[in-house]
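Reckoned from all heavy atoms, side chains included, excluding hydrogens, waters and symmetry mates. Below, chain A is the first sequence line, B the second, and so on; all start at residue 1.
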Number of protein chains: 2
Amino acid sequence: MPTVSSEELAAAAGVNSAKLRKDFSYLGSYGTRGVGYDVEYLVYQISRELGLTQDWPVVIVGIGNLGAALANYGGFASRGFRVAALIDADPAMAGKPVAGIPVQHTDELEKIIDDNGVSIGVIATPAGAAQQVCERLVAAGVTSILNFAPTVLSVPDGVDVRKVDLSIELQILAFHEQRKAGEEAEAQADAALEAEAGAAAAAAGKSGKGPDGDVPAVMPA
Amino acid sequence: MPTVSSEELAAAAGVNSAKLRKDFSYLGSYGTRGVGYDVEYLVYQISRELGLTQDWPVVIVGIGNLGAALANYGGFASRGFRVAALIDADPAMAGKPVAGIPVQHTDELEKIIDDNGVSIGVIATPAGAAQQVCERLVAAGVTSILNFAPTVLSVPDGVDVRKVDLSIELQILAFHEQRKAGEEAEAQADAALEAEAGAAAAAAGKSGKGPDGDVPAVMPA
DNA sequence: CCATCTTTGTGCACGCGTTCACAAAGGCAT
DNA sequence: ATGCCTTTGTGAACGCGTGCACAAAGATGG
Ligand SMILES: NC(=O)c1ccc[n+]([C@@H]2O[C@H](COP(=O)([O-])OP(=O)(O)OC[C@H]3O[C@@H](n4cnc5c(N)ncnc54)[C@H](O)[C@@H]3O)[C@@H](O)[C@H]2O)c1
Ligand SMILES: NC(=O)c1ccc[n+]([C@@H]2O[C@H](COP(=O)([O-])OP(=O)(O)OC[C@H]3O[C@@H](n4cnc5c(N)ncnc54)[C@H](O)[C@@H]3O)[C@@H](O)[C@H]2O)c1
């Protein structure tokens with residue numbers, strides 16, 4: 001029976017072994033003292049706990065550059081996610097296959113969600129359309145949203161939103177880069193400022209937003 | 001003079017006003033008691049602190065679906081990032097313009113980095129090539145990397161890596177989704193398990209990895 | 001069957017980030 | 001000028017996650 005010790009796993013994941021053991025203990029006591037954890041059983045338990053033993057149908061709304069890349073991405077399927085439908089507002093795209101899946105028009109959104117029992121939606125529309133799309137998804141029964149548009153979505157309680165903002169990722173890198181390049185100690189205010197910076201820009205009289213409502217320019221430019 | 005109070009900003013950003021004030025205090029005391037913060041000055045100070053007042057040249061390596069979408073993304077420029085070059089290993093792509101920028105071959109990588117003084121690199125290659133690309137970038141002088149490939153990159157001290165893993169974002173949503181759908185209290189082990197799950201899969205004899213070395217399948221499938 | 005050795009599971013303490021709460025500061029009206 | 005009112009800046013307390021350290025568990029070998 002192949003096993004791993006918490007020490008080995010901790011080294012591989014780059015975390016403390018005690019923390020790892022404590023985390024595992026929340027799932028129950030699957031380890032064997034003096035031996036370690038049964039790899040196969042452990043993988044199964046974690047998979048089950050994380051919800052990987054079931055297939056999650058997802059819809060992607062907004063099949064532009066990013067949406068198409070996501071549709072083509074094979075990494076989702078291997079983690080238990082199935083692209084149930086691609087949805088776009090552009091009538092010219094309707095019926096056109098992307099990654100082998102025909103794009104459907106936004107009109108069908110509610111029906112698609114309902115028919116497929118979709119509870120997870122991905123938003124890859126321009127920022128200006130995101131909130132509206134979000135509301136339709138939620139109204140149709142979606143309770144988890146992965147948002148790529150650079151907007152803060154407001155949703156009712158019970159709905160989870162995760163935002164992927166690539167600009168902020170780069171900003172965080174640039175921030176640390178600046179540190180390395182000089183500027184002695186300075187402040188320790190880091191990523192926390194990010195959200196606040198956005199809020200400040202918004203407070204600046206909404207003048208920071210472009211015509212199509214995309215990324216608020218924090219820099220006066 | 002347009003001003004904002006910490007209370008207003010905190011409400012907008014969804015954080016505690018005391019925390020926000022304390023964060024700002026690390027940048028110095030820019031507020032006026034009884035009035036609030038001068039919006040314009042505040043925005044400038046935060047921009048400067050975050051490194052947004054200078055332009056950062058970045059290179060994108062791996063111009064496939066995702067890399068092309070990134071190259072086309074306008075949100076970078078508005079935050080002070082300039083796409084200095086697009087790099088791909090496919091000779092067929094060399095010279096072909098993507099988003100108006102001609103793709104250059106990997107052979108030129110070191111020269112491009114050096115000529116443009118690039119310190120931030122984006123990796124959008126398949127997972128199997130990521131570590132190698134990473135090493136070349138670092139050797140050429142890049143000290144910050146944004147990694148989209150589903151691999152843990154190992155880098156020398158002094159180099160920052162941020163990883164964007166869309167599968168994990170979806171997994172986190174699915175995890176909470178599963179909670180809502182039943183399964184009473186259970187464990188509170190959440191995202192912390194993600195990294196450990198990957199390590200466990202790796203420990204499972206590397207059998208979880210596909211032929212092209214993409215996403216390790218945590219689920220035995 | 002007992003001794004020994006390895007590794008788990010977890011109580012406890014430490015440290016850090018968040019929040020509370022309030023004195024000091026400054027504007028503004030009278 | 002004086003007093004009042006608003007909002008900042010921050011000391012102190014709280015809470016939580018992390019890591020240490022060790023007793024208990026179990027395997028393994030003699
Ligand atoms: N491309 C990137 O790398 C990238 C990176 C970060 C963030 N983003 C963000 O992701 C979003 C999409 O980026 P993109 O580059 O794919 O843009 P895009 O313009 O190429 O695609 C947007 C798509 O959304 C569709 N759309 C517009 N309104 C819609 C609506 N109401 N309902 C359904 N579909 C609608 C459009 O028809 C179009 O196909 C943007 O908000 C962008 O800021 C993109
Ligand atoms: N497409 C997505 O939505 C998505 C989402 C999450 C993660 N990812 C990850 O991002 C990466 C890219 O995804 P994609 O869909 O764009 O894949 P892709 O196959 O479309 O593109 C990969 C590109 O990298 C180039 N390449 C290969 N080896 C290279 C090397 N050594 N040096 C430089 N270039 C090289 C290829 O020529 C190709 O153009 C993958 O690791 C994928 O797992 C993609």
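Between the side chain of B:N147 and the main chain of B:A149, a donor-acceptor pair closer than 3.5 Å is present. Panel note: side chain B:W56, backbone B:G51; a donor-acceptor pair is recorded below 3.5 Å.
For the pair A:N16 CG and C:dT10 P, the interatomic distance rounds to 16 Å; values are reported in whole Å. Look at CE on B:M1: it is 13 Å from P on D:dT7, rounded to the nearest Å. In this entry the distance linking OH of A:Y30 with P of C:dG9 reads 11 Å, nearest Å. Here C:dG9 presents its P atom at 10 Å from CG of A:L42, a figure rounded to the nearest Å. At whole-Å resolution of the value, CG in A:D23 and C1' in C:dT8 are 14 Å apart. The OH atom of B:Y37 sits 16 Å away from the P atom of C:dA25 (whole-angstrom rounding). Rounded to whole Å, the distance from CG on B:L9 to P on D:dT8 is 9 Å. The distance from atom OH of B:Y26 to atom C1' of D:dG11 is 12 Å, rounded to the nearest whole Å.
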Result block: side-chain N/O donor-acceptor pairs under 3.5 angstrom for residues 156-166 of chain A, not counting sequence neighbours:
{"residue": "A:R162", "atom": "NE", "partner": "B:E169", "partner atom": "OE1", "Å": "2.6"}
{"residue": "A:R162", "atom": "NH2", "partner": "B:E169", "partner atom": "OE1", "Å": "3.2"}
{"residue": "A:D165", "atom": "OD1", "partner": "A:S167", "partner atom": "N", "Å": "3.0"}
{"residue": "A:D165", "atom": "OD1", "partner": "A:I168", "partner atom": "N", "Å": "3.3"}

Let me have the donor-acceptor pairs involving side chains of residues 137-146 of chain B, under 3.5 Å, with sequence neighbours excluded, atom names and distances please.
{"residue": "B:T143", "atom": "OG1", "partner": "A:E177", "partner atom": "OE1", "Å": "3.1"}
{"residue": "B:T143", "atom": "OG1", "partner": "A:E177", "partner atom": "OE2", "Å": "2.4"}
{"residue": "B:S144", "atom": "OG", "partner": "A:E177", "partner atom": "OE1", "Å": "2.4"}

Tabulate below the donor-acceptor pairs under 3.5 Å that side-chain atoms of residues 61-69 of chain B make, not counting sequence neighbours, or state none.
none

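Here the side chains of A:Y37 and A:F24 are in contact, with some heavy-atom distance below 4.5 Å.
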(request) Starting at the 5' end of nucleotides 21-26 of chain D, put B wherever the base has a protein heavy atom under 4.0 Å, S where only the sugar-phosphate does, and a dash everywhere else. (result) B--BB-

(message) Output one letter per nucleotide in nucleotides 11-16 of chain C: B when a protein non-hydrogen atom lies under 4.0 Å from the base, S when only the sugar-phosphate is that close, - when neither is.
(response) BB----

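At D:dT8, one or more side-chain N or O atoms of B:S6 fall inside 4.0 Å of OP1 or OP2 (strictly under the cut-off). The phosphate of D:dT18 has OP1 or OP2 within less than 4.0 Å of a side-chain N or O from A:K19.
The side-chain hydrogen bond (donor to acceptor under 3.5 Å, both in side chains) search around A:T125 returns none, not counting sequence neighbours.
For the residue pair B:Q45/B:E49, the side-chain donor-acceptor check at 3.5 Å is not satisfied. For the residue pair A:T53 and A:R48, no side-chain donor N or O sits within less than 3.5 Å of a side-chain acceptor on the partner.
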